[in-house]
Amino acid sequence: MTRLSVEMLAADAPEPITSAGHAQLGIAVLAGIAVIVLLITKFKLHAFLSLTIGTLALGAFAGAPLDKAITSFTTGLGSTVAGVGVLIALGAILGKMLADSGGADQIVDTILAKASARSMPWAMVLIASVIGLPLFFEVGVVLLIPVVLMVAKRGNYSLMRIGIPALAGLSVMHGLVPPHPGPLVAIDAVKANLGVTLALGVLVAIPTVIIAGPLFSKVAARWVDVPAPDRMIPQRASEDLQRRPGFGATLATILLPVVLMLAKALVDIVVDDPESTVQRVFDVAGSPLIALLAAVLAGIFTLLRPAGFAKERVSQLVDKGLAPIAGILLIVGAGGGFKQTLIDSGVGQMVLEISKDWSIPALLLAWLIAVAIRLATGSATVATVSAAGLVAPLAVDMSTTHTALLVLAIGAGSLFFSHVNDAGFWLVKEYFGLSVGQTLKTWSVMETIISVVAGGLVLLLSLVI
């Protein structure tokens, strides 16, 4: 067995890797990612299976014992699901409550009733950003599409002028702001502070969504001028309800976990005393698990009861909310297994050793790696978890704020140029009735703007904090 394969997946602290070892590990990483890309794009294999097979290929090309590679994969999968699985489940339940109770429709209708024609794109980006906090991107798209199409149809607006801001709001939340799966996995991988990441994520998200949403929508509307397709206007959830929750109660429920997590981060900064009762209380209340659980429990009384949901229907709603996330959990878990195999095989150490001789900033390196994987696989989640595994060792000596910025750099890179290998690309194309070329000129360019602007803002913040 070669010196490299003996070192691979060892529990002890690794020794510096030789140039030949760097080459073999580099080839192994490229081969593992290539297998994942090929399986997802060419053979249309599910991302969970593709990541599993790609991980085994990585271990094989690196010369590691197969049983060690399997152990690394299962360990990473288990720890990732343990770390973020419950949070994803709670987020899915909250999103289902928001949709089925009519709470989301209540927020949408209230804001639109007060928006003028000129401010409508800004109203749409606000709606999408608020709604997008607890929802997965695909769920948010399905939820907001009826609103986008009806507003464009009834107000005789350009579809792109209304649709792009809504999509930008959802996409920015998805890539940069916890408790979405991608940011949560990256936070777990690089051991970032969730509250600080959330605060900085919101700070980066605001200018990003303004540029990629209302401002870019003016250009997109000139490039692609299409009407809202009548056939794609589905029934809204609240049309089947006799009553729905109030605007204030719905907004408070959505923002509750965000407020609790931000409060924890603020108390940690101001008090900074682990023995303080105040800090210990906020450490518990502001933990992601408790914050999301509190929002779900509150939602039963603020969303479901006002909408007339009986106890049995509440239980059924939870079941329906959990069912669609099985695939997401498996993909995220497999991504964590791939990440752990990268780390255990010495790839993290290799990145550290090689990057010492580069003048490229660590945050830019993280962004570039995420961009490359995103372009290859089409999955923002796969790009996030894989990039996080590769650059996690770079966070060891970083400050709390720079570790949080590393998460945001990865998240920004994972959104770069969605194209034909991304499910979101086809979702937008079909709902908006666009051609492939029109989708590239609008949705794909918007995603690229988000990625570049957010990445640039992260680099600027790293210079001042």
Side-chain angles (χ1 to χ4, degrees), residues 79-81 83-92 94-95 129 132-140 168-206 208-209 254 257-258 260-262 264-265 286-289 291-292 325 328-329 331-333 335-336 339 363 366-367 369-371 373-374 379-392 395 398 400-416 424 447 450-451 453-455 457-458 461:
S79 63
T80 300
V81 172
V84 303
V86 176
L87 306 184
I88 293 173
L90 290 172
L94 182 58
S129 298
L133 277 172
L135 295 176
F136 298 121
F137 176 78
E138 291 80 3
V139 177
L170 289 174
S171 187
V172 168
M173 293 296 119
H174 172 72
L176 299 179
V177 181
H180 287 280
L184 283 176
V185 171
I187 287 168
D188 183 65
V190 305
K191 308 305 179 198
N193 181 288
L194 189 142
V196 174
T197 307
L198 175 59
L200 292 176
V202 171
L203 184 63
V204 171
I206 293 172
T208 301
V209 80
I254 294 173
V258 178
L260 288 175
M261 287 187 280
L262 285 177
K264 174 188 178 301
S287 65
L289 174 62
L292 281 167
I325 66 167
I328 295 173
L329 281 174
I331 293 171
V332 168
K339 173 210 73 176
L363 296 178
W367 183 84
I369 291 173
V371 165
I373 299 174
R374 159 69 159 180
S379 170
T381 303
V382 172
T384 299
V385 295
S386 301
L390 285 167
V391 303
M398 286 185 174
T400 301
T401 53
H402 276 237
T403 305
L405 290 175
L406 184 67
V407 171
L408 298 180
I410 294 169
S414 74
L415 297 175
F416 191 87
E447 287 282 87
I450 291 173
S451 180
V453 171
L457 290 172
V458 167
L461 280 175

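Considering all non-hydrogen atoms of both residues, G85 and L329 come closest at CA-CD2, 3.5 Å. When all heavy atoms are compared, the tightest approach of L200 to T401 is CD1-O, 3.9 Å. Here the shortest heavy-atom pairing between A412 and A454 reads CB-CB, 3.7 Å. Nearest heavy atom pair, residue I410 against residue A388, reads CD1-CA, 3.8 Å. Considering all non-hydrogen atoms of both residues, G175 and L415 come closest at CA-CD1, 4.0 Å.
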Output a table of donor-acceptor pairs, distance under 3.5 Å, between side-chain atoms of residues 181-191 and any protein atom two or more places apart or on a different chain; print 'none' if there are none.
residue	atom	partner	partner atom	Å
K191	NZ	D188	O	3.2

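The line from CG of L176 to CD1 of I450 is 8.0 Å long, rounded to the nearest 0.5 Å. Rounding to the nearest 0.5 Å gives a distance of 10.0 Å between CG of L408 and CG of L198. Rounded to the nearest 0.5 Å, atoms CG (L406) and OG1 (T197) are 9.5 Å apart.
At least one donor-acceptor pair closer than 3.5 Å links the side chain of W367 to the backbone N or O of S451. The closest donor-acceptor contact from the side chain of R374 to the backbone of A383 lies at 3.5 Å or more, if one exists at all.
Using a 4.5 Å heavy-atom cutoff, the side chains of L289 and L90 are in contact. By the 4.5 Å heavy-atom criterion applied to side chains, L461 and L203 are counted as neighbours.
Under the side chain to side chain donor-acceptor pair (under 3.5 Å) criterion, S414 pairs with T384, sequence neighbours left out.
Each of T208, I206, V202, V204 was checked for a side chain to side chain contact (heavy atoms under 4.5 Å, CB included) with V172, and the lone residue meeting it is T208.
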